[in-house]
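Structure first, commentary second.
Letters A, B, ... are given to chains in the order of the sequence lines, protein chains preceding strands, and every chain is numbered from 1.
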There are 2 protein chains.
Amino acid sequence: MSNLEQNCIDAGLKMTAPRRVILQVLGQAGDHPSVDDVYARAKEIDSSMSIATVYRTLSLFDEMGFVTRHEFQEGRSRYEVSSDHHHHLVDLETGKVIEFKDEEIEKLKTKIARDLGYDLVECRLELYGRKIKTDG
Amino acid sequence: MSNLEQNCIDAGLKMTAPRRVILQVLGQAGDHPSVDDVYARAKEIDSSMSIATVYRTLSLFDEMGFVTRHEFQEGRSRYEVSSDHHHHLVDLETGKVIEFKDEEIEKLKTKIARDLGYDLVECRLELYGRKIKTDG
DNA sequence: ATACCTGCAAATGGTTTGCGAAGTT
DNA sequence: AACTTCGCAAACCATTTGCAGGTAT
(Lines give C-alpha, C1' and ligand atoms only; values in the text may rest on other atoms or scores of the structure.)
Protein backbone atom coordinates (compact mmCIF):
# COMPACT_ATOMS: atom_id res chain seq x y z
CA MET A 1 0.00 0.00 0.00
CA SER A 2 1.27 3.42 -0.88
CA ASN A 3 2.32 6.00 1.59
CA LEU A 4 -0.43 8.31 0.51
CA GLU A 5 -3.04 5.62 0.91
CA GLN A 6 -1.84 4.94 4.43
CA ASN A 7 -2.14 8.65 5.18
CA CYS A 8 -5.76 8.57 4.12
CA ILE A 9 -6.56 5.58 6.27
CA ASP A 10 -4.80 7.09 9.25
CA ALA A 11 -6.84 10.22 8.73
CA GLY A 12 -10.01 8.17 8.84
CA LEU A 13 -10.95 8.73 5.21
CA LYS A 14 -12.87 5.99 3.46
CA MET A 15 -10.83 4.26 0.81
CA THR A 16 -13.11 4.34 -2.17
CA ALA A 17 -12.30 3.34 -5.73
CA PRO A 18 -12.17 6.93 -7.04
CA ARG A 19 -9.81 7.95 -4.27
CA ARG A 20 -7.53 5.02 -4.93
CA VAL A 21 -7.35 5.99 -8.56
CA ILE A 22 -6.55 9.61 -7.75
CA LEU A 23 -3.92 8.52 -5.25
CA GLN A 24 -2.35 6.35 -7.90
CA VAL A 25 -2.27 9.24 -10.34
CA LEU A 26 -0.73 11.53 -7.74
CA GLY A 27 1.81 8.92 -6.74
CA GLN A 28 2.94 8.51 -10.30
CA ALA A 29 2.98 12.19 -11.15
CA GLY A 30 6.46 13.62 -11.31
CA ASP A 31 5.10 17.02 -12.23
CA HIS A 32 2.64 19.60 -10.93
CA PRO A 33 -0.62 18.56 -12.59
CA SER A 34 -3.68 20.76 -12.93
CA VAL A 35 -7.10 19.47 -11.97
CA ASP A 36 -7.75 18.66 -15.60
CA ASP A 37 -4.47 16.80 -15.81
CA VAL A 38 -5.37 14.68 -12.82
CA TYR A 39 -8.84 14.17 -14.22
CA ALA A 40 -7.53 13.05 -17.61
CA ARG A 41 -5.03 10.67 -16.08
CA ALA A 42 -7.58 9.26 -13.68
CA LYS A 43 -10.07 8.79 -16.45
CA GLU A 44 -7.62 6.61 -18.33
CA ILE A 45 -7.64 4.26 -15.38
CA ASP A 46 -11.34 4.51 -14.64
CA SER A 47 -13.36 6.18 -17.36
CA SER A 48 -16.29 6.75 -15.01
CA MET A 49 -14.28 9.22 -12.93
CA SER A 50 -16.07 12.52 -12.40
CA ILE A 51 -14.37 15.89 -12.44
CA ALA A 52 -16.37 16.92 -9.37
CA THR A 53 -14.77 14.06 -7.48
CA VAL A 54 -11.34 15.17 -8.61
CA TYR A 55 -12.02 18.68 -7.38
CA ARG A 56 -13.42 17.44 -4.10
CA THR A 57 -10.67 14.95 -3.51
CA LEU A 58 -7.84 17.32 -4.29
CA SER A 59 -9.35 19.99 -2.03
CA LEU A 60 -9.71 17.43 0.72
CA PHE A 61 -6.15 16.19 0.33
CA ASP A 62 -4.96 19.76 0.34
CA GLU A 63 -6.75 20.45 3.62
CA MET A 64 -5.29 17.25 5.02
CA GLY A 65 -1.87 18.36 3.89
CA PHE A 66 -1.26 15.37 1.62
CA VAL A 67 -0.97 17.59 -1.41
CA THR A 68 -0.20 21.26 -1.91
CA ARG A 69 -2.17 23.51 -4.15
CA HIS A 70 -0.42 26.15 -6.18
CA GLU A 71 -1.81 29.01 -8.17
CA PHE A 72 0.92 30.07 -10.49
CA GLN A 73 0.05 33.00 -12.69
CA GLU A 74 -2.02 31.13 -15.22
CA GLY A 75 -5.54 31.14 -13.85
CA ARG A 76 -5.93 27.60 -12.61
CA SER A 77 -4.64 25.44 -9.81
CA ARG A 78 -1.86 22.92 -9.90
CA TYR A 79 -1.18 20.29 -7.29
CA GLU A 80 1.81 18.37 -6.08
CA VAL A 81 2.30 15.71 -3.46
CA SER A 82 3.49 17.51 -0.37
CA SER A 83 7.15 17.20 0.44
CA ASP A 84 9.90 19.25 2.01
CA HIS A 85 9.43 22.99 1.95
CA HIS A 86 10.59 24.42 -1.32
CA HIS A 87 9.80 27.07 -3.90
CA HIS A 88 9.24 27.09 -7.63
CA LEU A 89 10.67 28.49 -10.80
CA VAL A 90 8.26 28.48 -13.71
CA ASP A 91 9.65 28.24 -17.23
CA LEU A 92 7.76 30.97 -19.09
CA GLU A 93 8.16 29.21 -22.41
CA THR A 94 7.17 25.66 -21.52
CA GLY A 95 5.24 26.11 -18.30
CA LYS A 96 7.52 23.54 -16.71
CA VAL A 97 7.93 23.93 -12.97
CA ILE A 98 11.32 23.50 -11.32
CA GLU A 99 11.64 23.14 -7.57
CA PHE A 100 14.39 24.63 -5.48
CA LYS A 101 15.37 25.14 -1.89
CA ASP A 102 17.49 27.86 -0.39
CA GLU A 103 18.42 28.23 3.23
CA GLU A 104 19.35 31.87 2.91
CA ILE A 105 15.94 32.76 1.52
CA GLU A 106 14.28 30.97 4.41
CA LYS A 107 16.22 32.94 7.00
CA LEU A 108 15.75 36.17 5.14
CA LYS A 109 12.00 35.96 4.79
CA THR A 110 11.53 35.09 8.44
CA LYS A 111 13.69 38.04 9.39
CA ILE A 112 11.86 40.41 7.08
CA ALA A 113 8.51 39.44 8.53
CA ARG A 114 9.79 39.80 12.06
CA ASP A 115 11.29 43.21 11.32
CA LEU A 116 7.85 44.28 10.12
CA GLY A 117 6.34 43.05 13.36
CA TYR A 118 4.90 39.82 12.04
CA ASP A 119 5.18 36.11 12.64
CA LEU A 120 5.62 34.47 9.27
CA VAL A 121 2.85 31.93 8.76
CA GLU A 122 3.03 31.27 5.08
CA CYS A 123 4.98 32.36 2.05
CA ARG A 124 4.72 32.26 -1.67
CA LEU A 125 7.89 32.61 -3.66
CA GLU A 126 7.75 32.01 -7.38
CA LEU A 127 10.36 32.87 -9.96
CA TYR A 128 9.37 33.16 -13.60
CA GLY A 129 12.14 32.93 -16.14
CA ARG A 130 13.41 32.03 -19.55
CA LYS A 131 15.99 29.35 -20.11
CA ILE A 132 19.44 30.74 -20.81
CA LYS A 133 20.50 29.71 -24.30
CA THR A 134 23.93 28.09 -24.21
CA ASP A 135 24.90 29.11 -27.73
CA GLY A 136 23.68 26.17 -29.75
CA MET B 1 -3.04 67.29 -14.25
CA SER B 2 -2.01 64.17 -12.46
CA ASN B 3 0.98 62.10 -13.35
CA LEU B 4 -1.22 59.16 -14.17
CA GLU B 5 -3.39 61.25 -16.43
CA GLN B 6 -0.33 62.47 -18.30
CA ASN B 7 0.76 58.85 -18.74
CA CYS B 8 -2.55 58.03 -20.38
CA ILE B 9 -2.34 60.95 -22.75
CA ASP B 10 1.23 60.12 -23.65
CA ALA B 11 0.12 56.59 -24.38
CA GLY B 12 -2.52 57.89 -26.74
CA LEU B 13 -5.49 56.87 -24.64
CA LYS B 14 -8.62 58.96 -24.86
CA MET B 15 -9.33 60.88 -21.70
CA THR B 16 -12.92 60.10 -20.96
CA ALA B 17 -14.91 60.93 -17.87
CA PRO B 18 -14.93 57.35 -16.50
CA ARG B 19 -11.17 57.10 -16.92
CA ARG B 20 -10.60 60.37 -15.18
CA VAL B 21 -12.68 59.16 -12.26
CA ILE B 22 -10.79 55.89 -12.04
CA LEU B 23 -7.47 57.71 -12.23
CA GLN B 24 -8.58 59.95 -9.42
CA VAL B 25 -9.54 56.95 -7.30
CA LEU B 26 -6.21 55.28 -8.01
CA GLY B 27 -4.28 58.44 -7.29
CA GLN B 28 -5.94 58.80 -3.91
CA ALA B 29 -5.70 55.15 -2.96
CA GLY B 30 -3.04 54.49 -0.41
CA ASP B 31 -3.90 50.82 -0.30
CA HIS B 32 -4.23 47.89 -2.70
CA PRO B 33 -7.89 48.06 -3.75
CA SER B 34 -9.81 45.23 -5.34
CA VAL B 35 -11.88 45.82 -8.45
CA ASP B 36 -14.93 46.16 -6.26
CA ASP B 37 -13.15 48.67 -4.07
CA VAL B 38 -12.25 50.80 -7.07
CA TYR B 39 -15.77 50.41 -8.40
CA ALA B 40 -17.33 51.51 -5.11
CA ARG B 41 -15.05 54.51 -4.76
CA ALA B 42 -15.55 55.51 -8.36
CA LYS B 43 -19.28 55.21 -8.02
CA GLU B 44 -19.24 57.70 -5.19
CA ILE B 45 -17.79 60.23 -7.58
CA ASP B 46 -19.90 59.25 -10.57
CA SER B 47 -22.79 56.98 -9.78
CA SER B 48 -23.19 55.97 -13.41
CA MET B 49 -19.84 54.17 -13.39
CA SER B 50 -20.07 50.61 -14.70
CA ILE B 51 -18.15 47.71 -13.25
CA ALA B 52 -17.32 46.53 -16.76
CA THR B 53 -15.52 49.79 -17.34
CA VAL B 54 -13.58 49.38 -14.13
CA TYR B 55 -12.48 45.91 -15.19
CA ARG B 56 -11.56 47.08 -18.68
CA THR B 57 -9.75 50.15 -17.48
CA LEU B 58 -7.74 48.40 -14.80
CA SER B 59 -6.74 45.67 -17.24
CA LEU B 60 -5.72 48.31 -19.74
CA PHE B 61 -3.70 50.24 -17.19
CA ASP B 62 -2.06 47.02 -16.10
CA GLU B 63 -1.00 46.24 -19.66
CA MET B 64 0.29 49.79 -19.98
CA GLY B 65 2.20 49.35 -16.78
CA PHE B 66 0.48 52.21 -14.93
CA VAL B 67 -0.86 49.86 -12.31
CA THR B 68 0.16 46.42 -11.12
CA ARG B 69 -2.26 43.60 -10.61
CA HIS B 70 -1.81 41.23 -7.71
CA GLU B 71 -3.51 37.99 -6.94
CA PHE B 72 -2.93 37.34 -3.30
CA GLN B 73 -4.38 34.14 -1.97
CA GLU B 74 -7.95 35.28 -1.70
CA GLY B 75 -9.52 34.63 -5.06
CA ARG B 76 -9.71 38.10 -6.55
CA SER B 77 -7.40 40.72 -7.93
CA ARG B 78 -6.04 43.77 -6.23
CA TYR B 79 -4.37 46.69 -7.91
CA GLU B 80 -1.83 49.30 -6.96
CA VAL B 81 -0.30 52.22 -8.78
CA SER B 82 3.01 50.98 -10.11
CA SER B 83 6.06 52.13 -8.24
CA ASP B 84 9.50 50.89 -7.34
CA HIS B 85 9.95 47.17 -7.26
CA HIS B 86 8.86 45.74 -3.97
CA HIS B 87 7.16 42.76 -2.38
CA HIS B 88 4.22 42.30 -0.03
CA LEU B 89 3.39 40.98 3.36
CA VAL B 90 -0.29 40.22 3.89
CA ASP B 91 -1.75 40.45 7.36
CA LEU B 92 -3.73 37.24 7.71
CA GLU B 93 -6.08 38.76 10.23
CA THR B 94 -6.94 42.07 8.60
CA GLY B 95 -6.02 41.47 4.97
CA LYS B 96 -3.90 44.60 5.12
CA VAL B 97 -1.00 44.64 2.70
CA ILE B 98 2.39 45.93 3.74
CA GLU B 99 5.08 46.68 1.19
CA PHE B 100 8.76 46.02 1.65
CA LYS B 101 12.00 46.05 -0.26
CA ASP B 102 15.09 44.01 0.36
CA GLU B 103 18.30 44.18 -1.61
CA GLU B 104 19.50 40.81 -0.42
CA ILE B 105 16.37 39.09 -1.63
CA GLU B 106 16.81 40.71 -5.02
CA LYS B 107 20.34 39.45 -5.41
CA LEU B 108 19.45 36.05 -4.10
CA LYS B 109 16.55 35.40 -6.41
CA THR B 110 18.51 36.46 -9.47
CA LYS B 111 21.32 34.16 -8.44
CA ILE B 112 18.99 31.25 -7.79
CA ALA B 113 17.41 31.57 -11.21
CA ARG B 114 20.79 31.84 -12.87
CA ASP B 115 22.08 28.79 -11.03
CA LEU B 116 19.11 26.88 -12.38
CA GLY B 117 19.96 28.03 -15.90
CA TYR B 118 17.35 30.75 -16.18
CA ASP B 119 17.13 34.46 -16.77
CA LEU B 120 14.78 35.85 -14.14
CA VAL B 121 11.92 37.67 -15.87
CA GLU B 122 9.43 38.01 -13.09
CA CYS B 123 8.97 37.11 -9.48
CA ARG B 124 6.24 36.83 -6.93
CA LEU B 125 7.18 37.00 -3.29
CA GLU B 126 4.42 37.23 -0.77
CA LEU B 127 4.68 36.74 2.95
CA TYR B 128 1.58 35.93 4.97
CA GLY B 129 1.75 36.54 8.68
CA ARG B 130 0.13 37.40 11.93
CA LYS B 131 0.99 40.52 13.87
CA ILE B 132 3.24 39.89 16.84
CA LYS B 133 1.40 40.85 19.99
CA THR B 134 3.53 43.13 22.10
CA ASP B 135 2.05 42.13 25.42
CA GLY B 136 -0.82 44.58 25.79
C1' DA C 1 -26.94 0.54 9.93
C1' DT C 2 -25.01 4.87 9.15
C1' DA C 3 -22.00 8.09 8.05
C1' DC C 4 -19.49 9.19 4.29
C1' DC C 5 -18.82 9.44 -0.96
C1' DT C 6 -19.99 9.84 -5.73
C1' DG C 7 -21.86 11.47 -10.20
C1' DC C 8 -24.69 14.54 -12.34
C1' DA C 9 -26.18 18.87 -13.38
C1' DA C 10 -27.02 23.29 -11.81
C1' DA C 11 -25.16 27.21 -9.31
C1' DT C 12 -21.35 30.46 -8.15
C1' DG C 13 -18.39 34.30 -8.54
C1' DG C 14 -14.87 36.85 -10.52
C1' DT C 15 -13.87 38.37 -14.99
C1' DT C 16 -14.54 39.08 -20.01
C1' DT C 17 -17.03 40.32 -24.16
C1' DG C 18 -20.63 41.46 -28.05
C1' DC C 19 -23.32 45.08 -29.28
C1' DG C 20 -25.40 49.36 -30.21
C1' DA C 21 -25.06 54.00 -28.26
C1' DA C 22 -22.19 57.86 -26.86
C1' DG C 23 -17.84 60.36 -26.52
C1' DT C 24 -13.03 62.08 -27.94
C1' DT C 25 -9.87 64.04 -31.02
C1' DA D 1 -16.10 61.84 -39.57
C1' DA D 2 -13.28 58.05 -37.73
C1' DC D 3 -12.13 55.56 -34.20
C1' DT D 4 -12.48 54.73 -29.16
C1' DT D 5 -14.80 53.83 -25.28
C1' DC D 6 -19.01 52.95 -22.49
C1' DG D 7 -22.92 50.58 -20.23
C1' DC D 8 -25.69 46.73 -20.24
C1' DA D 9 -26.51 42.10 -20.22
C1' DA D 10 -25.01 37.81 -21.62
C1' DA D 11 -21.09 34.74 -21.84
C1' DC D 12 -17.00 32.50 -19.79
C1' DC D 13 -14.48 29.36 -17.02
C1' DA D 14 -12.60 27.33 -13.11
C1' DT D 15 -14.54 25.73 -9.16
C1' DT D 16 -18.25 24.53 -5.82
C1' DT D 17 -22.49 22.48 -4.35
C1' DG D 18 -27.44 20.27 -3.77
C1' DC D 19 -29.34 16.14 -4.29
C1' DA D 20 -30.41 11.34 -4.64
C1' DG D 21 -28.36 7.07 -4.95
C1' DG D 22 -24.22 4.14 -3.71
C1' DT D 23 -20.41 2.46 -0.53
C1' DA D 24 -16.90 1.57 3.22
C1' DT D 25 -16.66 0.39 7.81
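- Following rounding to the nearest Å, B:Y55 (OH) and C:dT15 (P) show an atom-to-atom distance of 4 Å.
- B:V97 is not connected to A:L125 by any chain of hydrophobic side-chain contacts under 4.5 Å among Ile, Leu, Val, Met, Phe, Trp and Tyr, and they are in different clusters.
- With distances taken from any side-chain atom of B:R69 to the nucleotides C:dT15, C:dT17, D:dT16, the minimum falls on C:dT15.
- Within the structure, the side chain to side chain donor-acceptor pair (under 3.5 Å) test picks out no pair touching residues 52-67 of chain B (sequence neighbours left out).
- A:D46 has its CG atom 12 Å from the P atom of D:dT23, to the nearest Å.
- For the pair A:L13 CG and C:dC4 C1', the computed distance is 10 Å after rounding to whole Å.
- A:S77 has a side-chain polar atom (N or O) that falls below the 4.0 Å cut-off from OP1 or OP2 of D:dT15.
- The nearest whole Å value for the distance from the CD atom in A:E74 to the P atom in D:dT15 is 10 Å.
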**OP:** Could you walk me through whether A:R124 and B:Q73 pass the side-chain contact (heavy atoms from CB on, under 4.5 Å) test, one step at a time?
**Re:** CA-CA 9 Å; A:R124 186 193 235 177; B:Q73 306 191 62; 3.6 Å; yes

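- Summary of the strand contacts: B:A52 and A:M49 both lie near DNA chain C, and taking for each the nucleotide with the nearest heavy atom, the more 5' one is attributed to A:M49.
- An OP1 or OP2 oxygen of C:dT16 is reached within less than 4.0 angstrom by a side-chain nitrogen or oxygen of B:S59.
- Spacing between atom CD of A:E71 and atom P of D:dC13 amounts to 18 Å, rounded to whole angstrom units.
- Taking only side-chain atoms of A:R76, from C-beta outward, the nucleotide of C:dC8, D:dT15, D:dG7 with the closest atom is D:dT15.
- Within residues 14-42 of chain B, the residues that have a heavy atom under 4.0 Å from DNA chain D are, in order of number, B:K14, B:T16, B:P18, B:R19.
- The distance between atom OH of A:Y79 and atom P of D:dA14, rounded to the nearest whole Å, is 14 Å.
- For A:L60 and B:R56, each mapped to the nucleotide of DNA chain C holding its nearest heavy atom, the one lying further toward the 5' end belongs to A:L60.
- Side-chain atoms of B:R19 come within 3.5 Å of backbone atoms of B:K14 as a donor-acceptor pair (strictly under, hydrogens ignored).
- Following rounding to the nearest Å, B:K43 (NZ) and D:dG7 (P) show an atom-to-atom distance of 10 Å.
- Whole-Å rounding puts the B:I51 CD1 to D:dT5 P distance at 20 Å.
- The nucleotide whose nearest atom lies closest to any side-chain atom of B:T53 is, among D:dC6, C:dC8, D:dT15, D:dC6.
- Of the possible donor and acceptor atoms, none in the side chain of A:S34 sits under 3.5 Å from a partner among the backbone N and O of A:S77.
- With hydrogens and angles ignored, no donor-acceptor pair under 3.5 angstrom links the side chain of B:R78 to the base of C:dG14.
- A perpendicular orientation is assigned to the rings of B:H87 and B:H85, their planes being inclined by more than 60° (bins at 30° and 60°).
- The aromatic rings of A:H88 and A:H70 sit perpendicular to each other, their planes meeting at more than 60°, with 30° as the lower class boundary.
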